[in-house]
Amino acid sequence: MKITVDEKQQVFLLHTENTTYGMAVVDGRFLEHLYYGGRLEDTDIRYLLRTDEAPLVPSQNKRETGAFLDCAPMEYPETGMGDYRESALCVRSIAGHRASELAYAGYEVMEGKPKLPGLPATWGSQADSSTLKIFLKDQLLGLKVTLLYSVFAGSDAVVRSVLAENEGKEPVYIEKILSACLDMDDQDFQVMGLFGSWARERHIQRMPLGYGRQNISSFKGESSHQEHPFMALVTPETTQETGRVYAMNFVYSGNFLAQAEKNQFDSVRMLMGIHPEGFCWKLEPGAQFTAPEVVMVYSGEGLGKMTRTFHDLYRTHLIRSPYLHQKRPILINNWEATYFDFDETKLLDIAREAAELGIEMLVMDDGWFGKRSSDDSSLGDWFVNEEKLKGGLNDLVEKVKALGLKFGIWIEPEMISPDSELYRKHPDWAIQIPGRDITQSRAQYVLDLSRDEVVDGVYQMIADVLRSADISYVKWDMNRQLTTMGSYALPADRQGELFHRYMLGVYRMQERLITDFPDILLENCSGGGARFDAGMLYYSPQIWCSDDTDAIERLEIQEGTALVYPVSAMGAHVSVCPNHAMGRTTPFETRGDVALLGTFGYELDITKLSPQEKELVKEQVARYHQYNDLIREGDYYRLGSVRENGIYDSWMIVDKDKSRALLFYVQVRRRVNVKSRFVRLKGLDPEKNYAAKECRFAGESGTASEWIPADKTVYSGRALMEAGMRLASAYGDFRSRLVEFTQE
Ligand code: GLA
């Protein structure tokens, strides 16, 4: 990592291990984007600015500045002066004018990485990170904008954020302040994004980028099930190993806009930031606003390299939890086992059986508080429902602990049921527009977390619960989107701040929780995986991936999620069949293998499993203990995707020193007469030899030699990667297998 500034040429370069990001000042005033791609060091690249081509330098082109602004690659484009592509910044003066002209005003390079006040962000020490700040100023508005860029030792990521400060005498209104912009020549780009729905989150989609604007966004108040704060522009030949990839991921959990725009000059602008819809921030003289961080990754070696860059960055510079590098307790959650219909006896029955099979923690899900026995009441009443838990919470927890299990609990602190004591006491605490009905969703309203007294009031109730018993884990849920945006605490000209202030309130509450209860393992969740994002990873090392626990559906959900996020963060459980979301039946073994690529746990009525299934639970528990260190800390490689081939899904985890690896293979559909398949492995050392061992469940049909060749157990890494590992076809659909490779 290195930041170089050529003061004479006014060129700024950020170098990561394998990439360079560059900017330059033109005519002493305009900050332009210069280059992003493979590493270029000690090279004069100012020629990339095309300053001999009119109208690319305003002072030379004898034409209007507007023509220049509309085609030059701008580093941080603004509204109102002639750049008609999507802007990154739109500011309204109190006179009502919408225009700004930011001129270059200096720079600073510092060791380390500054914190972003109140926001999740990557972190780094003075030894392993450096930051470039570029200052821009609009004289008329008195607005100072600082663009921040940080790089990290050993990483190919560049992270960016923006700080706006009002140095003028009058307030200004920020109507749009995106966090990152990237202007480039088109390279026949395709757009990749993650799309879905409830129980079908983060499916990968790739589509051509045509002229016009293509965006991925949410203004639901959360990062959402449907679209995701990630976008990559990829060249057409891009595979896991080849092609150029420019990716952006937002470290934020609220409204977002990610957009690619191809214009008349065959140039492309890629943008990411808080969605301007419903956003307007009043900046008083002396006040500051920080736009959240965007992580940018360039890979010249395809998607796999991009993925591993995100994973490593998030495991070393984003997730803070002490549990990050620990094997998490194997949990059993009662949601799919009982839904709301449980009491102490039922929970203890589950716990007793779970303990016998090696499960380590019971998580009590929704329904334990207020008078809640369905989803139409009690959110906000964070005290125990003593009809269900007659002896109270501590009594239950102690009984569970006596069985040898830890105890975890579900909460949904951001919400309030109209039928709750809290709502009857504080009806103004719900987000609402006076005079208008509040939209209900899952029979609940959203709390106005822009207000400190609401954050404090709810937090106190939750903290009291957590102090009242020995609780090891919290599942923090969020089960609806935001509507009828209005706050009793904000004046009319600040109502446009509510979406963002709400997020700041959520972050404040989560920060308090992990500070006051540092030993609690926090898992975020939002109606399944609607808030699986980099913002949440700053607070919790794991996030519930999806309410769809079907092993085959999970292949695509987990593939899309792991495109960006470390597998150690993916909440994944084994549940019963027919699967509750899908009605599909898959082998118990496959359900376990797919859940191994994540935090691993169970979500079923374990008292109802057959003796054979209980034996399988014991073996799956053993597999988890055997392989979780490798899976959690290793490098992730995709070998095949059922999304593309329609037949099988396969991935690998390789440890950092390439001495051990685990191959996962799921035969989604059997093909008669295809006796075996060679799967080319990745990430191994071509010079090393590896012993292969199939992990099999006792009593599984077929012999080992039917699955992997019995006469050959040691393979060269080179042969495994060039020619492949032979895997015999299994009898039946949805069959999975695991092969472990150990350096000889
Ligand atoms: C959400 C979660 C589920 C469960 C329910 C409880 O849908 O994703 O896992 O906790 O809420 O209401």
Side-chain angles (χ1 to χ4, degrees), residues 196-202 220-226 253 331-342 346-347 350 361-382 385 388 407-420 440-447 462 465 471 473-481 506 521-533 536 540 542-550 553-554 557-558 561 569-576 579-582 591 595 598-605:
S197 183
W198 170 77
R200 180 162 45 83
E201 296 88 341
R202 289 174 298 286
K220 296 179 153 79
E222 58 174 3
S223 42
S224 92
H225 297 100
Q226 291 77 12
S253 317
L331 64 81
I332 184 157
N333 178 305
N334 73 306
W335 179 242
E336 286 197 28
T338 64
Y339 296 102
F340 292 104
D341 185 19
F342 64 88
K346 182 68 204 171
L347 293 177
I350 292 176
M361 181 159 75
L362 173 76
V363 175
M364 177 172 66
D365 210 278
D366 192 356
W368 59 267
F369 49 91
K371 54 167 183 156
R372 191 149 163 109
S373 54
S374 72
D375 56 12
D376 55 16
S377 83
S378 303
L379 293 167
D381 294 346
W382 300 111
N385 177 336
K388 285 184 180 173
F407 187 88
I409 199 165
W410 177 98
I411 53 174
E412 195 178 355
E414 298 164 59
M415 298 293 152
I416 181 165
S417 303
D419 182 6
S420 66
Q440 286 195 28
S441 175
R442 212 192 185 205
Q444 62 200 53
Y445 299 157
V446 184
L447 282 166
I462 300 284
V465 171
I471 290 172
Y473 160 107
V474 165
K475 175 175 171 187
W476 178 308
D477 208 339
M478 193 279 194
N479 275 321
R480 64 158 288 182
Q481 292 80 37
V506 172
L521 167 60
L522 178 63
E523 174 157 354
N524 267 289
C525 171
S526 177
R531 223 161 48 181
F532 200 121
D533 58 56
M536 285 292 143
S540 65
Q542 61 195 60
I543 303 174
W544 183 230
C545 212
S546 175
D547 279 345
D548 199 329
T549 49
D550 173 79
E553 291 303 296
R554 275 292 180 126
I557 295 169
Q558 294 182 184
T561 307
M570 295 198 298
H573 297 166
V574 176
S575 61
V576 292
N579 178 271
H580 290 188
M582 293 300 296
R591 286 176 256 160
T599 56
F600 193 74
Y602 292 84
E603 185 147 344
L604 41 71
D605 188 346

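Atoms within each ligand, like the ligands themselves, are counted from 1 in listed order. Any value given below was found using the heavy atoms of this structure, including those in side chains, with hydrogens, waters and symmetry copies removed. No experiment lies behind these values; they were computed from the predicted model shown. In what follows, residues are counted from 1 in the order of the sequence shown.
Of the N or O atoms in Gly528, one or more lie within a sub-3.5 Å distance of an N or O in ligand 1. In terms of polar-atom proximity, Lys475 is counted as a contact of ligand 1, with an N or O under 3.5 Å from an N or O of the ligand. Taking only nitrogen or oxygen atoms, main chain and side chain alike, Arg442 reaches within less than 3.5 Å of ligand 1.
Every atom of ligand 1 with a heavy atom of Cys525 under 4.0 Å away is listed here by number and element: 2 (C), 8 (O). Counting atoms of ligand 1 from 1 in the listed order, those under 4.0 Å from a heavy atom of Gly527 are 1 (C), 7 (O), 8 (O).
Closest approach of Val465 and Ile471 over heavy atoms only: O-CD1, 3.9 Å.
Salt bridge annotation for Asp381-Arg372: absent, with no cationic side-chain nitrogen under 4.0 angstrom from a carboxylate oxygen. Classification of Lys346 and Asp341 as a salt-bridged pair fails, no side-chain N sitting under 4.0 Å from a carboxylate O.
Side chains of Lys371 and Ser377 form a contact here, defined as non-hydrogen atoms less than 4.5 Å apart.
When only non-hydrogen protein atoms are considered, atom 12 (O) of ligand 1 lies nearest to Asp366 OD2, 2.6 Å. In this structure, the protein non-hydrogen atom closest to atom 2 (C) of ligand 1 is Asp477 OD2, 3.1 Å.
Residue nearest to atom 3 (C) of ligand 1, selected from Asp365, Asp547, Ile411, Asn479: Asp547 (by heavy-atom distance).
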Test Ser546 against Arg554 for side-chain contact (heavy atoms from CB on, under 4.5 Å), laying out the working first.
CA-CA 8 Å; Ser546 175; Arg554 275 292 180 126; 4.1 Å; yes
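Aromatic ring centres of Tyr473 and Trp410 lie farther apart than the 6.0 Å criterion allows.
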